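To keep things clear, I will list the structure first and then write my remarks on it.
These numbers were taken from a predicted model, which means no experiment stands behind them.
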Amino acid sequence: MVQQREVAEMENMAEKTVVELAALQRPGHSLDRVFYVDKDIFERDIEVIFARQWLFVDHVSRIPTPGDFITFEIGGDSIVIVRGTNGEIFAHHNVCRHRGSIICQKPEGKVRTFTCPYHGWVYDLSGRLVHAKNMGEGFDRSKWGLHSCAVRVTAGLIFIYLGIEKDAPDFAGMEADVLPYLEPHGLTRAKIAHTEVYTTLGNWKLAVENFRECYHCVMAHPEYTAVNAYVKTNDAAPGSFEANVLPAWEAAAKDEGFVVGSVALATGLQPYQVRRRPIRDGWQTASKDGQPVAPLMGNLKKFDGAETAVDFMPQFGLHSTSDHTTLIRFTPIDPTHTEMRLTWLVHEDAVEGTDYDVERLKWMWHVTTLQDAELIANNHRGVTSRHYTPGLYSVREEMTAAFIAWYLNRLINE
C-alpha cells in the first residue's frame, strides 16, 4: 500500500510544473524528494538561482600576473577567469564562438592568448577575437569575441555574474555592508596556504541546509563544538548566547578597538549577512588548542579570540579569525552531487613550515567538512527512500528554514 501511494505521488508530481511543485511545499518543512533528485528542477536551480547571483570564484592570489587563468565549472558550464595585460580580471565563457569547442582544457595555467584547439581561432585576454583564418570576405572579427561575464573584486575575492549585468543584485550595497568587517583581516594582502575539495553525494540544497544550522553540531561535530562556545550555550537554551554572552563581549571588544556587530539582508535576489562573535573563552583563534596557527593578518595588532563570518547565500561563506581565513564555496555538479571547496588564507609574508603548518591551520574546518560530507551523503540516501516525507524544522534551524522559504519564493516568482 505504501509503495502504491509513493508511485501515485511521483506520477502526480510528474504532471506538475516546477512552479506548481514549489507552491505545494509546506512552510517550515524540508522539501519533497523531487527537489533533491530531479534533473529539470536542478536545471531550473541553475537558471533561477546561480545564474542570477554574484558567484564567488577564488582569491586574487590564484592569478597574480597577466595571462594567469583558472576555470570555474558550475552546472555543466565552464568559465575561464584570467588576469589581463593591465592587471584587470576578465571572465569568459570557455566556449569558442566558432563551433562551441571548449578552449581551456586545464583547470589553471598561463597563456598569452586563448587559442581554440579545434580550428585555431585566437582570442586575446579580454576575449576579443584576433585571428580566424579562412572565414571569407566581410567577416567581422569584432562581432565574434568570447561571451563574457561581469566581474567584481572586493577584499581580494573574485565574484562573477553569469546573467545580464543590469539584472544583477546590488554588489555595491553588499560590499558597503561587508567591507568594514573584512578590512581588518587584510584579505587583499593574503595568500593561499591550502585548498581542498570535498565532493559529496547530495543535492546542493542538502549541503546548504546543513551548513546553515548548528542543531546537529553537538551530535556530529565534537571538534567544532569544543572551539565555538555558542554551540553548547544555544543548544541548552536557543538564543541565550546572543542574549547573554554577546553584548558583554561586544562592549569589551569595542573598547579595545575591534569591529563588532552584524549586518544582514534577509530577502531579495541575494541575501547576505556578516557578523562578529567570540569563539571560546581563552582561545586566541579557531585551532585545536586555541593557540595561534599563523601570523596576525591585516592591520591586527593582537588576537581577539573572535570570528568574522560572512554568508553570501547560498554559494559562499567566509570565516576569519585573527591569523587565518577560511573560504567555503558550494558548487552544484549535478542533481545528486555537490562540490564543497575550502581555501585557507594567511598573511602574504607567512612562510609554510616556519610561520604556519597546514595541518594545524586547516584542522577545524577540515575535520568539520569531512563530517558534513558524510552527513549530507546520509541525508541524500534518506531523502531518496520511498518512506521519506518532509520534516519540520526545529527552532535551531531557523536559518535553514529561511533559506528554503527564500529558495521556493525565487522558483515561484521568477
Side-chain angles (χ1 to χ4, degrees), residues 6 9-10 13-14 16-53 55-56 72-77 162 197-216 220 270-271 311-317 328-342 368-394 397 399-412 414:
E6 293 292 334
E9 174 192 340
M10 294 305 294
M13 287 185 173
K16 297 184 183 299
T17 67
V18 174
V19 172
E20 289 171 333
L21 289 172
L24 289 173
Q25 303 307 294
R26 288 181 289 175
H29 290 70
S30 59
L31 298 169
D32 283 320
R33 176 175 57 249
V34 66
F35 283 89
Y36 300 119
V37 298
D38 185 77
K39 185 178 184 299
D40 290 339
I41 290 180
F42 178 79
E43 294 297 330
R44 183 68 171 164
D45 288 351
I46 298 298
E47 176 188 348
V48 171
I49 305 297
F50 292 95
R52 302 188 188 182
Q53 289 199 329
L55 302 176
F56 170 70
F72 174 54
E73 313 286 327
I74 183 167
D77 286 334
L162 301 180
V197 175
Y198 312 77
T199 300
T200 184
L201 175 68
N203 184 269
W204 70 271
K205 293 184 287 294
L206 292 177
V208 174
E209 286 184 73
N210 173 78
F211 268 77
R212 290 183 65 80
E213 52 93 353
C214 218
Y215 188 38
H216 69 281
Q270 186 154 21
D311 177 20
F312 276 20
M313 194 170 76
Q315 187 251 357
F316 172 63
I328 303 175
R329 189 184 82 186
F330 297 99
T331 306
I333 298 174
D334 59 37
T336 57
H337 292 85
T338 302
E339 177 191 280
M340 299 180 290
R341 185 176 186 268
L342 272 62
T368 300
T369 306
L370 286 175
Q371 292 160 349
D372 278 328
E374 184 175 356
L375 292 171
I376 295 162
N378 286 335
N379 197 180
H380 170 82
R381 294 185 185 100
V383 300
T384 58
S385 166
R386 293 192 305 273
H387 295 275
Y388 163 76
T389 55
L392 179 66
Y393 292 120
S394 75
E397 298 168 288
M399 289 181 62
T400 296
F403 158 62
I404 291 299
W406 169 84
Y407 165 75
L408 292 171
N409 182 65
R410 298 299 305 150
L411 290 190
I412 292 168
E414 278 297 319

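- Of the possible donor and acceptor atoms, one in the side chain of Asp38 sits under 3.5 Å from a partner among the backbone N and O of Asp40.
- Partner of Arg44 under the side chain to side chain contact (heavy atoms under 4.5 Å, CB included) criterion, chosen from Val18, Ile49, Thr17: Val18.
- Under the 4.5 Å side-chain criterion, counting only non-hydrogen atoms from C-beta, Leu201 is in contact with His337.
- Of the inter-residue distances, the one linking Thr368 atom OG1 with Tyr198 atom OH reads 9.5 Å to the nearest 0.5 angstrom.
- Residues Ser385 and Arg33 come closest through the heavy atom pair O-NH1, 2.9 Å.
- Put simply, CG on Asp334 and CD on Glu43 are 10.0 Å apart, with the number rounded to the nearest 0.5 Å.
- Residues Phe35 and Pro390 fail the side-chain proximity criterion, which asks for heavy atoms closer than 4.5 Å.
- The CD1 atom of Ile41 lies 7.5 Å from the CG atom of Leu411; values are rounded to the nearest 0.5 Å.
- Looking at Thr331 and Arg341, their side chains never come closer than 4.5 Å, going by heavy atoms from C-beta outward.
- Side-chain contact between Met313 and Arg212 is present, with at least one heavy-atom pair separated by less than 4.5 Å.
- More than 12 heavy atoms of other residues, nucleotides or ligands sit less than 6.0 Å from atom CD of Glu73.
- With hydrogens and angles ignored, the 3.5 Å screen pairs a side-chain donor or acceptor of His29 with a backbone N or O of Pro27.
- Under the 3.5 Å distance criterion, the side-chain polar atoms of Thr338 are matched with a main-chain donor or acceptor of Gly202.
- Shown here for Arg329 and Phe56, the closest heavy-atom pair between the two residues is CD-O, 3.3 Å.
- Although no hydrogens or angles enter the test, the distance criterion places a donor-acceptor pair under 3.5 Å between the side chain of Gln25 and the main chain of Asp32.
- Closest of all the heavy-atom pairs between Ala220 and Leu375 is CB-CD1, 3.6 Å.
- Glu209 and Tyr393 share a donor-acceptor pair across their side chains, judged by distance under 3.5 Å alone.
- With Trp204 as the fixed residue, the ring-ring contact (aromatic ring centres under 6.0 Å, His included) test singles out one of Tyr36, Phe211, Phe330, Phe50: Phe50.
- Ring geometry, Phe316 versus Phe312: the interplanar angle exceeds 60°, so the pair is classed perpendicular (tilted spans 30 to 60°).
- Within the 4.5 Å cutoff, side-chain heavy atoms of Tyr407 are placed close to those of Asp45.
- In this structure, the separation between CE on Met399 and SG on Cys214 is 10.5 Å, given to the nearest 0.5 Å.
- Separating the CG atom in Asn210 from the CG atom in Asp372 is a distance of 4.0 Å, to the nearest 0.5 Å.
- Summarising the geometry, atom CG belonging to Asn378 is positioned 11.5 Å from atom CG belonging to Leu206; distances are rounded to the nearest 0.5 Å.
- Remark: of the listed residues Ile412, Leu31, Val34, Val34 is the sole one forming a side chain to side chain contact (heavy atoms under 4.5 Å, CB included) with Leu21.
- Side-chain atoms of Ile74 and Gln315, non-hydrogen and from C-beta on, never get closer than 4.5 Å to each other.
- Looking at residues two or more places apart in sequence or on another chain, you find a side-chain hydrogen bond (donor to acceptor under 3.5 Å, both in side chains) between Ser394 and Glu397.
- For the pair Asn203 (side chain) and Pro335 (backbone), a donor-acceptor distance under 3.5 Å is present.
- The salt bridge (Lys or Arg N to Asp or Glu O under 4.0 Å) test applied to Glu213 returns no partner, not counting sequence neighbours.
- Of all the heavy atoms in Gly382 and Tyr388, the pair that sits closest is O-CB, 3.4 Å.
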